[in-house]
Amino acid sequence: MTESVDVVLIGGGIMSATLGTLLHELQPDWKIVAFERLSDVAQESSNPWNNAGTGHAALCELNYMPQNGDGPLDPAKAISINEQFQQSRQFWSSLVEKGVLDAPSSFINATPHMTFVRGEKDVAYLKDRYEVLKEQPLFEGIEFSEDSRVINQWAPLLMQKRRKGEPFAATRVPAGTDVDFGALTKQLFDHLSDSGVDVRTNHEVRSLKKQKDGSWTLKYRNSLGRTPGRINAKFVFVGAGGWALKLLQRSGIPEIKGYGVFPIGGQFLKTTNPAVVSQHKAKVYSQASVGAPPMSVPHLDTRVVDGEASLLFGPFATFSPKFLKNGSMLDLVTQVRTHNLWPMLRVAFANPDLITYLLGELVKTHRKKVDSLRVFMPTAKDEDWTLIQAGQRAQVMKKDPKKGGILQFGTEVVSAADGSIAGLLGASPGASTAVPIMLQLLKSCFPEQYAGWEPTLRELIPTYGHTLNDDPAAAEKSMAATADALGISK
Ligand SMILES: Cc1cc2nc3c(=O)[nH]c(=O)nc-3n(C[C@H](O)[C@H](O)[C@H](O)COP(=O)(O)OP(=O)(O)OC[C@H]3O[C@@H](n4cnc5c(N)ncnc54)[C@H](O)[C@@H]3O)c2cc1C
């Protein structure tokens, strides 16, 4: 017999965890089942060692406010990312207060966000960026310095044994955070499980078929006993990370036509040497190399996982045809359809810099990788740092009316016109903006219920519907309240 439920969540990552939690708060009477093919949740991109744990708020990432020739710098994108992160901060604060999440230090820690650049051109750009951002309420507290003594106080490893005569500068925002998205995901799923949501690990969804009444029948397999099963759901969320494309293609919805994904893996150098780790407490981002995708900008980060601090540097790009770390070698080729072949070919021809960058990354030896780190930290020793393999990013390629096909570095929700199924493609800014992404998804897939949900949403996200950056008093109040609730800086 086929069991029937209201909602099926496919995938045990931060996106399903966030959507499941929102739906459970909004509609506690709905029956929800979550499927995860691996033996536990948060084992792919949401695992703390598979991502960089940056609470992306555009405090330090230059790609959200790039130089545009000689024109003035536009803060719109940076403000929008920061607004989105404030929603995540508010949601997590409410969940801590409700007892859904554990002590905040188990998943979020205050870690100043810095940007460090070298060379006259980049120093001038960073200064201009600072001048624009310091006027924005959400970036209050941003500091700029070209003084080695000041930067040395902020992040001594950047300054020790640095060559004299080279111009450099840094900005710093104390309100930055390091987030363990794996711990967050696990805590959210634990709560869902305790509240009656059926979380089935070791269960892989294999196919999806639309029924005449608009619902979906999913076939799944228990990967331990290999026993098959069927389930019917009124709404399906495909939160399958890199495999979302594959499942959306299997669903047959026309909205997925023209989409493909390109996998880019990542590696980080990691050290746990206490003598090094104790000298750095920041996430320091810099400029990307030529051809590097925006999310590949190098950064030297403090990470706190399970209460233990370490430093990560990277990412270094790697290549594998798999769309998930535990994916299939056939992922890249089996995604090809007549409708996405041309957009994908156009992307390949239009991005020679990316291909050159990837090839350059693939041939880097350990020493060369530590050389890249030495640009940040001149005293880095090869033997202190080991290489760890991070997650796979499945970057979106899609049809474009003008260019034929484009490579897109953000995330994109693809949903059926009737709102019965939706999935998330892409990676960046990712986990940090899970809350606003899922709110947007709820709005488009549940238009009839959404207005009735808004009062609860305002309880969970007090400034929901307001643009904080346009209201300095509200921005100040929100940042102070969430800093207090999460034990982080304003
Ligand atoms: C190298 C790297 C660095 C990053 N750095 C940051 C950062 O600093 N800050 C940030 O905010 N974001 C960062 N991200 C992005 C962030 O990690 C992702 O956006 C986020 O974790 C995606 O969550 P998800 O739930 O969509 O996918 P995932 O966490 O990948 O979860 C998808 C799950 O679906 C399961 N699954 C797949 N197919 C099936 C199926 N058929 N049946 C059942 N289960 C299935 C998978 O096993 C997996 O557990 C980074 C990503 C990478 C790769």
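No experiment lies behind these values; they were computed from the predicted model shown. As the structure lists them, so they are numbered: ligands from 1, and atoms in each ligand from 1. Along the sequence shown, residues are numbered consecutively beginning with 1.
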- Task: Determine, using heavy atoms of P315 and all atoms of ligand 1, whether some pair is separated by less than 4.0 Å.
- Result: no
- Task: Pick one of side chain, backbone, both or neither for how L38 approaches ligand 1, counting any non-hydrogen atom pair under 4.0 Å.
- Result: side chain
- Item | Flag, side chain of Q211 to backbone of K209, donor-acceptor distance under 3.5 Å | yes
- Task: Please determine if G53 has a nitrogen or oxygen closer than 3.5 Å to a nitrogen or oxygen of ligand 1.
- Result: yes
- Query: Applying a 4.0 Å heavy-atom criterion (strictly less than), which segment of F181 is in contact with ligand 1: side chain, backbone, both, or neither?
  - Reply: side chain
- Message: Check for me whether G13 has a heavy atom closer than 4.0 Å to any atom of ligand 1.
- Response: yes
- Task: Would you check whether Q43 reaches within less than 4.0 Å of ligand 1, judged by its heavy atoms?
- Result: no
- Item | Contact partition for H203 relative to ligand 1, non-hydrogen atoms under 4.0 Å | backbone
- Message: For the CD atom on Q440, are there more than 12 heavy atoms of other groups (residues, nucleotides or ligands in this structure) within a distance under 6.0 Å?
- Response: no
- Message: Looking only at side-chain N and O atoms, does E412 offer a donor or acceptor that is under 3.5 Å from a partner on Y259?
- Response: yes
- Would you call E25 and K98 a salt bridge, taking side-chain N to carboxylate O under 4.0 Å as the test? yes
- Message: Is it the case that the side chain of K234 and the backbone of V8 share a donor-acceptor pair, with hydrogens and angles ignored and the cut-off at 3.5 Å?
- Response: no
- Task: Could you grab the distance from atom CE of M479 to atom CG of L468, nearest 0.5 Å is fine?
- Result: 8.0 Å
- Task: Please work out whether any backbone atom (N, CA, C, O) or any side-chain heavy atom from C-beta onward of H56 is under 4.0 Å from ligand 1, and answer side chain, backbone, both or neither.
- Result: side chain
- Query: Of the backbone atoms (N, CA, C, O) and the side-chain heavy atoms from C-beta on, which set of L247 has a member under 4.0 Å from an atom of ligand 1: side chain, backbone, both, or neither?
  - Reply: side chain
- Task: Examine the side chains of N326 and E44 and answer whether a donor and an acceptor come within less than 3.5 Å of each other.
- Result: yes
